[in-house]
Amino acid sequence: MTFAAASAPTKPLAPLAPALSLASFGGRGAKPRSVLDAGPSVMTTSGRVAIALALRAIGAGPGDTVLLPAYHSASMVPPVRDCGATPVFYPVGRDGSIDVAAIAPGAKALLVTHYFGFLQQMQAIRARCDAAGIALIEDCAHAFFGEEVGVHGHYAIASSMKFYPAYDGGCLVGPNPPMLRSAGMGFELKAILATLEHSFAYGRLRALDLLMRLPMLAKDAIWPLLRKAPLAPASSDSEPGFDRRWLDKRASLMARFQLRAVSAPRIVARRRANYLRLLAAVADLPGCRPLHAVLPDGVCPWLFPLFVDDADAVFARLHGEGVPLVRFGEGVATCANSLTLARQLLSLPCHQELREDELAWIVERLRAALRA
Ligand SMILES: *Cc1c(COP(=O)(O)O)cnc(C)c1O
């Protein structure tokens, strides 16, 4: 495989999100605990829909305040507005941690995010919420796996598509989960095809790719129709849109199949190994420092976030070379730390489906960009 980018590529040369391969299904070991073990759960098409369902279960509505972290994903805000409540941002520390003392009474609910898979001090946060009469929604969008993820909130939400090679998928964990139904054959088909297309685009499932050349010709005929239909739940890789028609829809068969068939021990082990690899790769470099220089036991990271002094220039260079990376999150003016996190953090993938040659190339490009 070569990684020569002629000009700024429209898509990264290595997958930013997991791409399904045969290796996805192989892997040994005990199944690690995940957010789905934290209580009764239901699979939604996205994490933001799960936030909306949690707010509905809590009874949030007009006149209510919902506390969101100042450093946040744009996708966390529309579900709050959709139920008629008012989002209010609370400040976060330099590493995104919550200052428990800053949780004031009066709000209906509070969302707390385990940024990049690293857990917040949930016991203290829960105690404070209980004392203040605030419902706690644990946002595990970045933390699908772990002993404690999702157990401290009254409700928890997650985004399984951030960890599995799926096109859609989120979940709501909490008492009396609602009954959801399939979004229909068109959506089920689209979820399968989009998953395969992402894999083929990165040279995965080669044999299947060849086998499917013919059916894919047929697919080319139906694909434009599927594309036009309102079949896509707004999801991590698209805009932060929100569409209430997805509230009563279940995750695709493909997304739910993956939860059973894709190796979870492999996801956790490889993400941790790749994270440590990236950590070691930047240890001696100037102008940067990892958000988390230690990977605690049990943490399954979403990405590898790195503070970069000259973040704009380094991002532009790496992006132009086709290196997969993102700047996660937005900040608000009332919290300087949130603006710094949004501006200075560059996050590289550490997911389980990065191949050795891809990771080595990412490391090599990253080191070159930071030395420049
Ligand atoms: C991605 C994300 C969500 C929403 O998940 P989707 O599946 O994209 O709807 C919620 N919270 C955080 C912190 C996220 O990063």
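As the structure lists them, so they are numbered: ligands from 1, and atoms in each ligand from 1.
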Aromatic rings F328 and F116: how do their planes relate, parallel, tilted or perpendicular, breaks at 30° and 60°?
perpendicular
Are K11 and Y202 in a cation-pi contact, defined as NZ or CZ under 6.0 Å from the six-membered ring centre and within 45° of the axis?
yes
Within ligand 1, which atoms have a heavy atom of A141 less than 4.0 Å away?
2 (C), 3 (C), 10 (C), 11 (N), 12 (C), 14 (C)
Within the structure, does S159 bring an N/O atom to less than 3.5 angstrom of an N/O atom in ligand 1?
yes
D99: partners by salt bridge (Lys or Arg N to Asp or Glu O under 4.0 Å), with sequence neighbours left out
none
So if I count the atoms of ligand 1 from 1 in the order they appear, which ones are less than 4.0 Å from some heavy atom of T113?
13 (C)
Which atoms of ligand 1 are found less than 4.0 Å from any heavy atom of R48?
4 (C), 5 (O), 6 (P), 8 (O), 9 (O)
With a 4.0 Å cut-off on heavy atoms, does K162 reach ligand 1?
yes
Is there a polar contact between ligand 1 and S75, counting only N or O atoms under 3.5 Å apart?
no
Between H154 and R126, is any side-chain donor less than 3.5 angstrom from a side-chain acceptor?
yes
According to ring-ring contact (aromatic ring centres under 6.0 Å, His included), who are the partners of F315, at least two apart in sequence or on a separate chain?
H319
Against heavy atoms of F328, which atoms of ligand 1 measure under 4.0 Å?
13 (C), 15 (O)
